[in-house]
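Please read the structure below before turning to the comments.
Start at 1 with the first residue, then count along the sequence.
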Amino acid sequence: MSRIGDYFKLGDVFRYFYQVFQKPDPSRPTNTNIRMMHGINRISIIMFLICVIVMIVRAILR
């Protein structure tokens, strides 16, 4: 049985953020598609955070 707390665990999300923004591991094989995917994910995460900050500032200034 799952508890409600299991639905709000964010450990995997933060682990992915750490993995995307760290330097690539030289022992892992590089693939152009994976590098492009991580680059697009970096851009989308940064844009999301900027939008959240703008929304918070707009809400405070109203």
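Atom NE2 of His38 sits about 11.0 Å away from atom CG of Asn33, to the nearest 0.5 Å.
Within a 6.0 Å sphere centred on CZ of Arg42, other residues, nucleotides and ligands contribute more than 12 heavy atoms.
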With a 3.5 Å cut-off and sequence neighbours excluded, list the donor-acceptor pairs that the side chains of residues 44-60 form with protein atoms.
{"residue": "Ser44", "atom": "OG", "partner": "Ile40", "partner atom": "O", "Å": "3.3"}
{"residue": "Ser44", "atom": "OG", "partner": "Asn41", "partner atom": "O", "Å": "2.9"}

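Every residue two or more places apart in sequence or in another chain that forms a side-chain hydrogen bond (donor to acceptor under 3.5 Å, both in side chains) with Ser27 is listed here: Asp25.
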